[in-house]
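As the structure is a prediction and not an experimental result, all values here were calculated from the model. Computed from heavy atoms alone, side chains included, the values below leave out hydrogens, waters and symmetry copies. Reminder, nothing fancy here: chain letters follow the sequence lines and each chain counts from 1.
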Amino acid sequence: QDEEGDQDDEKNNTVEGIFEKDLMTYFDENLNRNWRGREHWKVRNFKKMNQVSKGADLLAKTPAPAGDATNQNTENDKPTDAKKKSKQKKALEIDFFQKDDGFEDKIFGPKGRAKIDMPIKNRKNDSHYLLPDDFHFSTDKITRLFIKPGQKMSLFQHKRHPSGDTSSRALD
Amino acid sequence: MQNSDGNDINTRIFNSVAEVFQKAQSSYAGHRKHIAVLKKIQSKAVEQGYEDAFNFWFDKLVTKILPLKKNEIIGDRIVKLVAAFIASLDRELILAKKQDYQLTNDEEGIFSRFVDQFIRHILRGVESLDKNVRFRVLQLLAVIMDNIGEIDESLFNLLILSLNKRIHDREPTVRIQAVFCLTKFQDEEQTEHLTELSDDEDNYEATRTLVATIQNDPSAEVRRAAMLNLINDNNTRPYILERARDVNIINRRLVYSRILKSMGKSCFDDIEPHIFDQLIEWGLEDRESSVKNACKRLISHDWLNILDGDLIELLEKLEVSRSPVCVKAIEALFQSRPDVLSKIKFPESIWKDFTVEISFLFRAFYSYCLDNDITEMLEENFPEASKLSEHLNHYILLRFHREDVPNDPPVDLDDRTLEFIIEQLLITAEKYDFSDEVGRRSMLTVVRNMLALTALSESLIEIGIRVMKSLSINERDFVTMAIEIINDIRDDDIEKQEQEERNKGKKNDVSDDGDDNDNSINDDAANDDDEDDNIASFHSAVENLVQGNGNVSESDIMNNLPPEKEASSETIVLCLTRSSCMLELVNTPLTENILIASLMDTLITPAVRNTAPNIRELGVKNLGLCCLLDVKLAIDNMYILGMCVSKGNSSLKYVALQVIVDIFSVHGNTVVDGEGKVDSISLHKIFYKVLKNNGLPECQVIAAEGLCKLFLADVFTDDDLFETLVLSYFSPINSSNEALVQAFAFCIPVYCFSHPNHQQRMSRTAADILLRLCVLWDDMQSTVETRVNREAMLKPNIIFQQLIFWTDPRNLVNQTDSTKKDIVQLTFLIDVLKIFTQIEKKEIKKMILTNINAIFFSPDQDYSTLKKILEYSDDIAENDTLDSVSKNALDKLRNNLNAVIEEINERSGVQAKDENNTTNDQYSSILGDSFNKFANGTPDHSIDMTAEHGTGTTKALEDILVPDNAEEKNSNNSRKRTRSETEHDTTSANTETSFIQNTSAVTKNVSFILPEEEEDAMSIDEEDNGPDSFTDV
DNA sequence: GCAAACAAGCTACACATC
DNA sequence: GATGTGTAGCTTGTTTGC
């Protein structure tokens, strides 16, 4: 707990203001895969801050959802289980000498038309499973002014006042 | 034949074949031998007249592996064995035929009977209910397809029929095998039946099926199989290459790493140029690094090697002047091929013989060396600045004053080429080393002269001005030079006009200009019904508000009489283009920049008043750029800009909207709300209206992106406007506006995760958003006819997941240990649980409950809040009749909550002394304080914020908190009622009225989504005065 | 010196289960 | 449809062969 406190202090000292760039790359990287939005959105871990910005992990290691502690205790069984399963798989062998008369009937059996075909609605898709045009929204794009793209706002400096009228001072 | 003997032989055949299968299932090792044995058994059986018996037992034994799952290695081994056996027989026959051997024993007949019987046998399982059987059957067919020789027509038809059915099998694995089979029929059909290549329906059937599959199959693997196996000819190639934008990453990558690679040199010849450009752009701009790398590798490795390392030839093939993405391509190439980099040389001898490719390489190489600090290469290859300017001038002369060039160059370069070369040299010049004063001056002269050329293209103006900026001593110097150029262009034109007038005599020829203007005004009118009124009010607005226009009377403008000595509209455009490029690079305030102020008077203000749309738009852009330099000017022009957005045509709207956003970005809220200023509500309304208007999708995107920027910058903090923003993301009427959706998909999470206050704003509005969208979804399910239209709306479960994610405090940046205590998401959950009873549809309730466990709980969070959630969920569990899935999810939630609360109790046991006597409610007050001393976003805080913004939606949101009728009927739960009532007292005096308001809010929202029903329903603000409100300012 | 071959490790997608 | 597990298809790094 103490460690965390120290780290936090360090964060507060170093992160403030300086790492606007890091925050920008952080967002760009983490939102890279969700660019299509809406139905194509997927839950994904917002984690990799450590790699983006050098030492300071701006994003604390996300506490794993309940039951974190139980993970390490009784885990001896799992690998053995897996091995057993794989062994069982490999153990399978067919006895080609056995003549089972009913066998073919079972396999080729009655034709229940219904279940084996793909539903009609899935057979055609207007998107043709192609990506839409990518408009490449990025922190770089949204921090630039529209009519003066050489000038950039600093949007990620953390400001105290929510009203923040002057805090959005544009930089060059 | 004797019976006992027969049985004996029959059994022996069975045993022998079975033994082979038995052995072959365990390993691939002995397969060669096994095949030899099988052949021996077969020929012996045939010799003894037991051909049928062999075929029978062989088929029977193969049946045994049909039910084996896809990943069962035994199945694969036997399949391979069968394939190898058949292939071996086939090969022997072909060899024998080739060498013209006498086939003594009808080997051909034996083989074809064997194959025929085998295929017919396994086809019995092609429609088996067991998916594994169908898979194995088609797998067997696929592996033997190359070696079945000739089959009779009935079998052929049966096969094709089966395959065409199985291509629509339920299981992707089966379809993949069906694709493999079908691919084998492409070639044959074309060679058999097609003499000329046409897309004749019958003959092209297999290929056509595969084309349909590559585009329409839901499984990425099936599309992949089709892509990799479809015959690659002119007809099919577009369908294959289109997969460079497949939704699946691997498929996209394969286009570069497999398809294009295998095409070799024919890539450059057989692919249509626009497709080729697209492929490179898609590859290099792909979101996935693996795709990007595959494309980079293709270009810088495979293609360069194909062309024997000839970089110039590669650049020719890439058509560098056509596609801007080539910059990225060559950067990648430099990075991955240092061997190539070191070979690049620019001896002075070629300086005057630049081509498109060489000039491009020159510029790219320079940038690369500069960016990577490779000084030795810079010194070696690039001359002093004066030389560069000399060469630049050479090409400028060639392009614009060819008659002045003494020795015509050996190669005749066209204008486009020359302009491209000039552009490359200018791009190089912008970052060139001009420490040598002589060089700087000579370059400056060249560039200034160039910028004075009226025939200069826009891209050259832009880069030319940038070069001039980099050459200038300071900004003042730069502005002086630019304005000098602008003035000269205008003065020359006026002088020219005067000259012409003097020459021709009178001003009878009002000429084309007037006509042009009339036409464009008519164009505008077509866009907007009341355009005439608009133009009138527009002009009067200009009259009153634009600075420094004191003397021009309204009637002058209305009559469209140009003032004396006005430059032609072409010239005005030239000047405005130059001035906007200049202004983009200026940062000193207008007060210190007297020259720009004069430019406002002479050029920009008249342009804003101009009736020609293109001039007016350029004028507004220039005006905007000036406003960015001066807050006073910005304040004074906010109104006119607002007018442009609300009354202008689409392109004027577009520009003016951008200007407004930029002004807010630079000056913040100081430009609104004050004496003589536009009030912010009016501007909010403008944004509402644009965002709502899906007739102008581009403007919607600007509004969306702009609003997101301003919210991110905390310039805008209004909850209603924010809610509108989020609603337009989810709104089905915007689902086809890709740019809008992508803007939101990026901006909303950035907003939510960039600051706790932002996330709190989302949390405050999220429940209302969810409710509104649930109501809408429900509505659409019952009213909207087509499936497609219904699917334009996101299902509530997805919306809920999304909102949970956005409000998850673990996603915040700059986390501190107080993040664990953050209850921003919990307040959202409480709101959702409060509105839960208002949802009638079981389906929606289910969708919410089954996702509710994605909410993050931790024992560090506020005790009373957790307790409150538990109480609400207990209420739902008690009073609602739920299906088992919902109930399980809810129980899971309650269990989790109980566990967390339990843990808090345990922890607090150390602190609290007499825990046995303390009730939970008492706990909450104790723990609430102690656990929240670090957390800024306590529930109290968020309520304060809500009260602060107590207008519009917020009201609606509070109304929604009121329990609905069903709740009242079910009023045996006194605890809950008490809580609701207590809360309600703080917000509204009358439950009844609130309820009515609530329903109306919901109805109203529905019409927001379907705007044709009620025009301004999107604006959640109750008292919207409509379009005229802005003029009241 | 380059390419082929191989294992180890990774991730998006597919599959299985309830 | 949410969930957890399995796996195809790489990518990376190392070794080996031509």
*asked:* From CG of B/Leu890 over to P of D/dA2, roughly how many Å is that when rounded to an integer?
replied: 17 Å
_Value in whole Å for how far the P atom of C/dA12 lies from CG of B/Asp246_ = 16 Å
*Nucleotide D/dT11, atom C1' - distance to CG of B/Leu254 in whole Å*: 14 Å
*side-chain N/O B/Arg253 vs D/dC10 OP1/OP2, d < 4.0 Å*: yes
*Greater than 12 external heavy atoms within 6.0 Å of A/Asp133's CG*: no
*Is there a side-chain hydrogen bond (donor to acceptor under 3.5 Å, both in side chains) between B/Ser300 and B/Ser336 once you walk through the steps?*
CA-CA 7 Å; B/Ser300 55; B/Ser336 61; 3.0 Å; yes
*Rounded distance (Å) that lies between atom P of D/dA2 and atom CZ of B/Phe800*: 12 Å
*Have a look at the helix from C/dG1-D/dC18 to C/dC18-D/dG1 and give the angle its two end axes make, five pairs each, rounded to 10 degrees.*
30°
*Specify the separation, in whole Å, of atom CZ of A/Arg33 and atom C1' of C/dT11.*
8 Å
*Can a side chain N or O of B/Lys795 be found less than 4.0 Å away from OP1 or OP2 on D/dG1?*
yes
*Has B/Arg258 got a side-chain N or O lying under 4.0 Å from the OP1 or OP2 atom of D/dC10?*
yes
_Nearest heavy atom decides the nucleotide; on that basis, is B/Asn293 or B/Ile798 closer to the 5' end of DNA chain D?_
B/Ile798
*Any chance CD of B/Gln801 has more than 12 other-residue heavy atoms, nucleotides or ligands included, within less than 6.0 Å?*
yes
*asked:* Whole angstroms only, please: what is the CG-P distance between B/Asn305 and C/dC2?
replied: 10 Å
*With heavy atoms under 4.0 Å as the rule, sort B/Ser290 into base, sugar-phosphate or nothing.*
sugar-phosphate
*Does the side-chain hydrogen bond (donor to acceptor under 3.5 Å, both in side chains) test come out yes or no for B/Glu242 and B/Gln215, once each step is laid out?*
CA-CA 9 Å; B/Glu242 184 182 59; B/Gln215 290 192 313; 2.9 Å; yes
*asked:* Distance check needed: D/dA2 P versus B/Gln802 CD, whole Å only.
replied: 13 Å
*Does the distance from a Lys or Arg side-chain N to an Asp or Glu carboxylate O, for B/Glu127 and B/Lys165, drop under 4.0 Å?*
yes
*What orientation do B/His31 and B/Tyr28 show, parallel under 30°, tilted 30 to 60°, or perpendicular over 60°?*
perpendicular
*asked:* At under 4.0 Å between heavy atoms, how does the protein contact nucleotides 13-18 of chain C? Give one character per nucleotide, 5' to 3', with B, S or -.
replied: SSSS--
*Between atom NZ in B/Lys296 and atom C1' in D/dC10, what is the gap in whole Å?*
17 Å
*Is any side-chain N of the basic residue among B/Asp217 and B/Arg175 closer than 4.0 Å to the acidic one's carboxylate O?*
yes
*Is B/Asn797 near enough to D/dA2 that one of its side-chain N or O atoms lies under 4.0 angstrom from OP1 or OP2?*
yes
_Can you tell me how the ring of B/Phe753 sits relative to the ring of B/Phe805, calling it parallel under 30°, perpendicular over 60° and tilted otherwise?_
perpendicular
*asked:* Using a strict threshold of under 4.0 Å (side-chain N to carboxylate O), is an ion pair present between B/Arg136 and B/Asp76?
replied: yes
*asked:* Please evaluate residues B/Ser886 and B/Asp883 with respect to the criterion side-chain hydrogen bond (donor to acceptor under 3.5 Å, both in side chains), reporting the C-alpha separation (whole Å), side-chain torsions for both, the decisive distance (0.1 Å), and the verdict.
replied: CA-CA 6 Å; B/Ser886 305; B/Asp883 62 303; 2.6 Å; yes
*Report yes if a side-chain nitrogen or oxygen of B/Gln801 is closer than 4.0 Å to either non-bridging phosphate oxygen (OP1 or OP2) of D/dA2; otherwise report no.*
yes
